[in-house]
**Student:** 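Dumping the structure here so I can ask a few things about it.
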Amino acid sequence: MASGDMIPENRKKKLDSLFEAFSIISEGTYVYLCDMYYDYSRWSKNLVDTFGLPSEYMYSAGSIWEEHIHPEDRAAYHLGIEEVFNGSSQDHDMQYRARNINGEYDYCTCRGVVIEDEFGQPAYFGGAIRNLGEQSHVDALTGLRNQYGFFEDVQEVIKEKTPSRIIVFGIGKLTEINEVYGYHIGNNILQQFGRYLMEQVGRRGGTYRLDGAKFAVITGIQDIESLKDKYEKLRSHFREGLRANGTFVSLEMNAGTLQLKDFNTDDQTVYACLNFAYDESKINRHGDMVEFHENMNDEGKKQIEKLHMIRNSISQKDKGFFLLYQPVIDAETEELIGAEALLRWENSEYGMIPPDIFIPLLEKDPLFPTLGEWILKTALESAGKVHKLLPDFIVNVNLSYAQIEKPDFVDVVRKVLRETQYPPEKLCLEVTERCRLLDVELLRNVMVSLKAGGVKIALDDFGTGFSSVGLLKDLPFDIIKIDRGFVQKIEDDDKERKLVNHFTEVASTFGADVCVEGIETVGMRDILRKYCVHSFQGYYYSRPIPMEKLLSELEKGPKCFAK
Ligand code: C2E
Ligand code: CA
Ligand code: CA
C-alpha cells in the first residue's frame, strides 16, 4: 500500500487536523493516526515519550513499534498489522506487552480502524493505545501497586502530613539474570520477590513495584536500626537463593531509605532523594541500606526542602541559576584557550549553593534536561562574545548522564548550536565517568553523531571511577581531564607523580589531549609541565568567574591569566 514517496505538505496538514480531532475524542489514551498511502504517521507525544520512540512523526511506524513489542507477542501483532495494510481487515483489536523507555514491558490494548477514501481504498488507519499499568495503577506482573500508585500514595502522605518512611529496594543484576536464564525466570523472580516483600510488610505499609527491578515500601516504622535489621534478614534470605522455574538463583540487593517528616516537598523530589540513596547503596556500599541523610554533609533536614526549591526554580524558567566560567590555560604558552562553564544556584534564603550539592540529586530528574538545555544555550551565547577577542576560544559544558540518555539529546544540541549560531568545533562537551552507567553503544552513537558535526568530547574526572581505562578504549574522547584529587599532593608525593605521569601516557596512547584540573600552585604547574599535559585549569590561574570579568581580563591579551 505505502508508495515509498515523501509525504506532501497538504497531506501532512490533513493528517495533523484529523489527528487533533482524534485526540479530542480519545482523551486519556494514546492516539496514533497513519496516512496509509505514504505510511506516514503521527503518534501522541506522551506515547512517544513513554516508549522512547524516535519522533511524533514517523514513516513505517508499524515496524518501529513492532521492535517494542514483547518477542512472544510480536508474531500476532505483525499478522494483525499486515491484515490491516493489505486490506483484509478493517479493524485492529489486540492486547500485547510493549517495551517502555525504561526497558520495561507494559500491558497495552490497541484498538484501531481503517478509514476509506471516496473510492473505497484504505486511506487512514487510526486508533488508541491504552497502557493498562498506567491506568489501573497495578503492576501486571506482580499484582502490586505500580509506580503511578506509588507516586499517588507519596502525594497523599505529603498532603496528610503522615510521618512515614519510604524504602526503595532493587534486585541487583536482573538484566544479567534475564540474559543468562531468560525472561521467564527473570519474571518469576520478580513475582516471588514482590510476594515475599508484601508478606513481610503485611499491614504495616504499602508495597509497590516501581520500574524494572525496583520495589518500594511506604511504612510508619521510623526506627532505622530495626529497619536495617529487617533488611539484612531479607537480604540474606535472597542471597541464599531461590528456585525459579527449576533454576536456583542467588540474588543481591540494594536499598535506599528516607524519613519523611518535613512535608514542604513533592513526590518527585522525594523520589530523587531516594534514588540518590539507592545509587549510593548500589555503587559505593555493596548493597547496604543507605539512609538519605546519612551521606549528606549538609544540615540534614533542610536538604529535601532545599532540593524542592531548586526543582521549582527549574520549572520557573531556570530562575536563580547562572553560570561562571573557569579559564583553561595552554600548558606551554600559558595563554587562555577556553573556559569551563560551571553552574550556580542562588536564592535569598539559602544563599549560593554549589552544584555538587544538587546536581547528583537532580540529574535523573525528568526536569533536568530542561535545565541542561538552558545551560548549553547560556554558555554558547556567552562564549560567542569571546570570539571577537579570541577566535579559537573553546567553551566546555558539563553534561549529566541522564541528559545523554534522552532520545532527542543530539537533536537538542544541534538545535541550540543553530539557534545561537555558535561554531560546533568551539564547543567541548564534558561527560564524567558516571556515563558508564549508560549503554556503551548508546554513548558511542551519541558521540559519533556529535563529533561528525565538529563538537569535541572530554572525559571528566578521569581516574575517579573504576573503569576509566576501559572507557578510553571503547570510546573516542578528544580530551581527558585528570581529576584534582590526583594532583593535590603532587609536590611532596613521588607515588602521586608517577601515577599522574602514567595517566597522561595512557591518555596519549589513545590519542587524547590531557587537561589537568586543580592547579593551585606554581610548583604543581612546574612538575606537570614535564609530563604530556596540554592544558591546565585551577585556582592558580583563576577561580570560576562571571563572563564579563573574563572578557575584561582578556582585553589585556591572551596571557592575561598567566602569573
Ligand atoms: P567538575 O566538572 O570537575 O568542575 C571542576 C570543579 O573543580 C569546579 O567546582 C571548580 O570550581 C573546582 N576547581 C577548579 N579548580 C580548582 C582548584 O584549583 N582547587 C579547588 N579546590 N577546586 C577547583 P564546582 O564549580 O563546584 O563544580 C562541581 C561539580 O559540579 C563539577 O565538577 C561538575 O561535575 C558539576 N557541575 C558544575 N556545573 C555543571 C553543569 O552545568 N552541568 C552538570 N551536569 N554538572 C555541573
Ligand atoms: Ca567538568
Ligand atoms: Ca572535573
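One-based numbering, in listed order, for ligands and for the atoms of each. Everything numeric here is computed off the predicted structure, so don't read it as measured data. Only heavy atoms go into these numbers, but all of them, side chains included; no hydrogens, no water, no symmetry mates.
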**Student:** Short check: is a protein heavy atom less than 4.0 Å from atom 20 (C) of ligand 1?
**Tutor:**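 Under 4.0 Å from atom 20 (C) of ligand 1, at least one protein heavy atom found.
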
**Student:** So, do Tyr422 and His387 have ring centers that fall under 6.0 Å from each other?
**Tutor:**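 So the answer is yes for these two rings.
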
**Student:** Under 4.0 Å from a heavy atom of Gly518: give me the atoms of ligand 1 that qualify, with their elements.
**Tutor:**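 So the answer, numbered in order with elements, is 16 (C), 17 (C), 18 (O).
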
**Student:** Have a look at Asp288 and tell me which of Lys282, Lys228, Arg235 forms a salt bridge (charged side-chain N to carboxylate O under 4.0 Å, His left out) with it.
**Tutor:**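 Output: one option passes, namely Arg235.
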
**Student:** So which of Arg525, Gln326, Glu520 actually passes side-chain contact (heavy atoms from CB on, under 4.5 Å) with Tyr541?
**Tutor:**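 Looking at Arg525, Gln326, Glu520, the match for Tyr541 under the side-chain contact (heavy atoms from CB on, under 4.5 Å) is Arg525.
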
**Student:** Looking at ligand 1, does any of its N/O atoms fall within less than 3.5 Å of an N/O of Tyr539?
**Tutor:**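 Between Tyr539 and ligand 1 (N or O atoms, distance only) the closest approach is under 3.5 Å.
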
**Student:** Return yes when at least one protein heavy atom is under 4.0 Å from atom 42 (N) of ligand 1, and no when none is.
**Tutor:**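 Answer yes: something from the protein, a heavy atom, is under 4.0 Å.
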
**Student:** Is any side-chain N of the basic residue among Asp49 and Lys45 closer than 4.0 Å to the acidic one's carboxylate O?
**Tutor:**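 So Asp49 pairs with Lys45 through a salt bridge.
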
**Student:** Between Leu342, Val487, Thr521, flag the one that comes closest to atom 31 (C) of ligand 1 by a heavy atom.
**Tutor:**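 Checking each option, the heavy atom nearest atom 31 (C) of ligand 1 is found in Leu342.
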
**Student:** Is the ring pair Trp374/Phe321 parallel, tilted or perpendicular, if the boundaries are 30 and 60 degrees?
**Tutor:**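 Taking Phe321 first and then Trp374, their aromatic rings sit tilted (interplane angle of 30° to 60°).
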
**Student:** For Glu520, take its heavy atoms, then give the atoms of ligand 1 lying under 4.0 Å from any of them.
**Tutor:**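 Matching atoms, with element in brackets: 17 (C), 18 (O), 19 (N), 20 (C), 21 (N).
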
**Student:** Do Asp461 and Arg484 sit within salt-bridge range, that is, some charged N less than 4.0 Å from a carboxylate O?
**Tutor:**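 Looking at Arg484 together with Asp461, the answer is no, because their closest N to O distance does not fall below 4.0 Å.
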
**Student:** Are there protein heavy-atom neighbours of atom 34 (O) of ligand 1 below 4.0 Å?
**Tutor:**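 Within 4.0 Å of atom 34 (O) of ligand 1, no protein heavy atoms are found.
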
**Student:** Judged by atom type as modelled, is there a donor-acceptor pair below 3.5 Å linking the side chain of Ser55 to the main-chain atoms of Met58?
**Tutor:**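 Such a contact is absent between Ser55 side chain and Met58 backbone.
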
**Student:** Does some non-hydrogen atom of Arg344 fall short of 4.0 Å from ligand 1?
**Tutor:**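 Distance cut 4.0 Å: Arg344 passes for ligand 1.
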
**Student:** Quick one: nearest non-hydrogen protein atom to atom 29 (C) of ligand 1, plus distance?
**Tutor:**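 Minimum-distance protein heavy atom for atom 29 (C) of ligand 1 reads Pro355 CG, 4.2 Å.
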
**Student:** Considering the heavy atoms of Leu399, write down every atom of ligand 1 situated less than 4.0 Å from one of them.
**Tutor:**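 Those of ligand 1 that fall under 4.0 Å from Leu399 are 44 (N).
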
**Student:** Could you tell me if Glu340 and Asn398 have a donor-acceptor pair between their side chains, going purely by distance under 3.5 Å?
**Tutor:**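 Yes, because at least one side-chain N or O of Asn398 sits under 3.5 Å from a partner of the opposite role on Glu340.
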
**Student:** Any donor and acceptor pair, going by atom type alone, linking the side chain of Arg444 with main-chain N or O of Pro476 inside 3.5 Å?
**Tutor:**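 Judged by distance alone, no pair lies under 3.5 Å.
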
**Student:** Ignoring hydrogens and geometry beyond distance, is a side-chain donor-acceptor pair present between Asp153 and Tyr208 at under 3.5 Å?
**Tutor:**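 Result is yes, a qualifying pair exists.
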
**Student:** Any atoms of ligand 1 less than 4.0 Å from a non-hydrogen atom of Gly538? List them with their elements.
**Tutor:**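 Under 4.0 Å from Gly538, ligand 1 has these atoms: 15 (N), 18 (O).
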
**Student:** To check your reading of the model: name the closest protein heavy atom to atom 15 (N) of ligand 1, its residue, and the distance in Å.
**Tutor:**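 Going by distance alone, atom 15 (N) of ligand 1 is nearest to Gln326 NE2, 3.0 Å.
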
**Student:** Could you go step by step and tell me if Glu332 and Arg529 meet the salt bridge (Lys or Arg N to Asp or Glu O under 4.0 Å) rule?
**Tutor:** CA-CA 7 Å; Glu332 203 184 302; Arg529 266 182 157 175; over 6 Å; no

**Student:** Between Tyr540 and ligand 1, is there a nitrogen or oxygen pair with a distance under 3.5 Å?
**Tutor:**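 Min N/O separation from ligand 1 is not below 3.5 Å for Tyr540.
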
**Student:** Does Glu363 approach ligand 1 within less than 4.0 angstrom via side chain, backbone, both or neither, non-hydrogen atoms only?
**Tutor:**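 Neither part.
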
**Student:** Take Tyr271 and Phe151, measure what ring pair (Phe, Tyr, Trp, His ring centres under 6.0 Å) needs, and give me the verdict at the end.
**Tutor:** CA-CA 9 Å; Tyr271 192 52; Phe151 284 120; 5.2 Å; yes

**Student:** Give the atom numbers and elements of ligand 1 that come within less than 4.0 Å of a heavy atom of Asp461.
**Tutor:**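 Answer, ordered by atom number: 3 (O).
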
**Student:** Give the atom numbers and elements of ligand 1 that come within less than 4.0 Å of a heavy atom of Pro544.
**Tutor:**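 Selected atoms, number and element: 11 (O).
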
**Student:** Salt bridge check: are Asp494 and Arg497 linked by an N-O gap of less than 4.0 Å?
**Tutor:**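 Result for this pair is yes, salt bridge flagged.
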
**Student:** Determine whether the aromatic ring centres of residues Trp345 and Phe322 are separated by less than 6.0 angstrom.
**Tutor:**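 Ring centres of Trp345 and Phe322 not closer than 6.0 Å.
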
**Student:** Determine whether the aromatic ring centres of residues Phe503 and Phe462 are separated by less than 6.0 angstrom.
**Tutor:**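 Yes, the ring centres sit under 6.0 Å apart.
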
**Student:** In ligand 1, which numbered atoms sit nearer than 4.0 Å to a non-hydrogen atom of Glu340?
**Tutor:**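 Matching atoms, with element in brackets: 2 (O), 4 (O).
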
**Student:** Who's closest to atom 46 (C) of ligand 1 heavy-atom-wise, of Leu343, Asp460, Ile359?
**Tutor:**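 Comparing heavy atoms across Leu343, Asp460, Ile359, the nearest one to atom 46 (C) of ligand 1 lies in Ile359.
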
**Student:** Return all protein N, O or S atoms below 3.0 Å from the Ca ion (ligand 2), chain by chain in residue order.
**Tutor:**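 Checking every protein N, O and S atom gives Glu340 OE2, Asn398 OD1, Glu430 OE1, Asp460 OD2.
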
**Student:** Using a 4.0 Å cut-off to any heavy atom of Glu517, which atoms of ligand 1 qualify?
**Tutor:**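 Listed by number with element, the hits are 3 (O).
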
**Student:** Is Asn398 in polar range of ligand 1, meaning some N or O pair under 3.5 Å apart?
**Tutor:**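 By distance alone, the answer is yes.
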
**Student:** Taking the six-membered ring of Tyr540, is NZ or CZ of Lys563 closer than 6.0 Å to its centre and within 45° of its axis?
**Tutor:**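 Relative to the ring axis of Tyr540, which defines the angle, Lys563 lies inside both limits.
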
**Student:** With a 4.0 Å cut-off on heavy atoms, is Arg484 touching ligand 1?
**Tutor:**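 Within the 4.0 Å threshold, so yes.
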
